[in-house]
Amino acid sequence: MTVQSACWLMKTEPDVFGYPDLERVGREPWNGVRNYQARNFLRQMQPGDRVLIYHSNARPTGIAGVAQVVSAAYPDDLQFRPESPYHDPTSPPDAPRWSMVDVAPLRAFPRLLSLEQLRELPEWQDSPLLRRGTRLSVLPVTAPEYRAALRAVGLDDLA
DNA sequence: GCCAACGTTGGC
DNA sequence: GCCAACGTTGGC
């Protein structure tokens, strides 16, 4: 039986790697996630899942584009690189602790859908993204949330 | 197993 | 740059 593909939101700092960078490179291993809850979400991802790319630590913050998962989860190589800030010397090589997926761009938002605008969408009222203190960098997005976000910027064809 | 200290995230 | 909120660490 076919399962409806899931939707997610992933945060990134545009000064480091933003949606335009994803378009430039065409495909990117989403490495550096070092939070167990976020990792567990990564491991649930399947190729074809949609991903809203959220720019954090930006002015303004908000969703900049929609991407697609193009791999299953696999070990994040940076955990075994001593020179990397994401090195984790306690990760067992035979059972790597941290995972990542590859992501490819799908469509840039014609305009940023800001956090302020997200707060005004009824469908988004229950999203952890809008809750004070939520620091998750990878989180699930419901189908109504996903559709509302795309419609808000006129991308009805992707919703 | 508790919890204080510490580091990080992320909006403002 | 500030600081609230949260996750992790480590002493006990």
Side-chain angles (χ1 to χ4, degrees), chain A residues 6-25 28-45 49-69 73-142 144-153 155:
Chain A
C7 303
W8 311 90
L9 181 143
M10 302 204 295
K11 297 178 184 175
T12 184
E13 302 192 14
D15 290 348
V16 179
F17 190 91
Y19 189 82
D21 297 301
L22 185 60
E23 285 198 325
R24 181 171 46 78
V25 301
E28 179 73 4
W30 209 262
N31 53 29
V33 173
R34 295 293 179 269
N35 168 283
Y36 285 106
Q37 199 178 351
R39 180 207 66 182
N40 294 340
F41 288 139
L42 288 173
R43 290 182 175 177
Q44 292 174 33
M45 292 185 184
D49 285 2
R50 301 285 174 88
V51 185
L52 299 174
I53 303 296
Y54 180 89
H55 285 176
S56 63
N57 279 327
R59 285 196 310 275
T61 62
I63 299 169
V66 54
Q68 209 167 3
V69 175
Y74 62 105
D76 180 340
D77 53 317
L78 296 185
Q79 68 195 305
F80 300 121
R81 302 254 175 90
E83 73 279 10
S84 168
Y86 298 112
H87 181 224
D88 181 355
T90 69
S91 177
D94 56 342
R97 175 169 303 146
W98 304 113
S99 301
M100 62 183 177
V101 296
D102 288 356
V103 171
L106 197 57
R107 193 83 65 87
F109 275 21
R111 59 178 176 82
L112 188 87
L113 182 58
S114 70
L115 181 59
E116 187 182 3
Q117 290 162 339
L118 278 171
R119 289 190 192 284
E120 292 169 358
L121 297 179
E123 294 86 349
W124 278 76
Q125 295 313 304
D126 293 332
S127 171
L129 181 73
L130 306 190
R131 276 205 289 276
R132 179 183 168 84
T134 297
R135 299 185 314 180
L136 257 190
S137 61
V138 178
L139 52 107
V141 166
T142 67
E145 287 166 359
Y146 177 78
R147 284 194 294 267
L150 289 170
R151 287 199 188 110
V153 293
L155 294 181

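None of these values were measured; they are calculated from a predicted model. Per chain, numbering begins at 1; letters A, B, ... match sequence-line order.
Here the side chain of R119(A) is nearest to one of dC12(B), dT8(C), dA5(C), namely dC12(B). Among the nucleotides dG11(B), dT9(B), dT8(C), the one closest to any side-chain atom of Y36(A) is dT8(C). The side chain of R132(A) lies closest to dA4(C), out of dG11(B), dA4(C), dG10(B).
Atom pair Q37(A):CD and dT9(B):P shows a separation of 16 Å (rounding to whole Å applied). Atom C1' of nucleotide dG10(B) and atom CG of L9(A) are separated by 14 Å, given to the nearest angstrom. Atoms CD (E13(A)) and C1' (dG10(B)) sit 8 Å apart, rounded to a whole Å. Taking atom CG of N57(A) as the reference point, atom C1' of dC3(C) lies 13 Å away to the nearest angstrom. The distance between atom CD1 of I63(A) and atom P of dG11(B), rounded to the nearest whole Å, is 12 Å. In this entry the distance linking NE2 of H55(A) with P of dG11(B) reads 12 Å, nearest Å. Rounded to whole angstrom, the span from the CG atom of D88(A) across to the P atom of dG7(C) amounts to 18 Å. Between R135(A) atom CZ and dT8(C) atom P the separation is 9 Å, expressed in whole Å.
Backbone-only contact: L136(A) has heavy atoms under 4.0 Å from sugar-phosphate atoms and none from a base. Residue R59(A) is classed as having no contact, given no heavy-atom separation below 4.0 Å to the nucleic acid.
Side-chain rings of Y36(A) and W98(A) approach one another, their centers coming within less than 6.0 Å.
Salt bridge annotation for R97(A)-D88(A): present, with a cationic side-chain nitrogen under 4.0 angstrom from a carboxylate oxygen.
In this structure, R147(A) and E123(A) have side chains that are not in contact, with every pair of non-hydrogen atoms separated by 4.5 Å or more.
Between K11(A) and dG10(B) there is a side-chain N or O to OP1 or OP2 distance below 4.0 Å. In this structure, Y54(A) reaches the dG11(B) phosphate: one of its side-chain N or O atoms is under 4.0 Å from OP1 or OP2.
When the shell of 6.0 Å around CG of D77(A) is examined, it contains more than 12 heavy atoms from other residues, nucleotides or ligands.
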### Query
Going through the checks in order, is the salt bridge (Lys or Arg N to Asp or Glu O under 4.0 Å) test met by D76(A) and R39(A)?
CA-CA 10 Å; D76(A) 180 340; R39(A) 180 207 66 182; over 6 Å; no
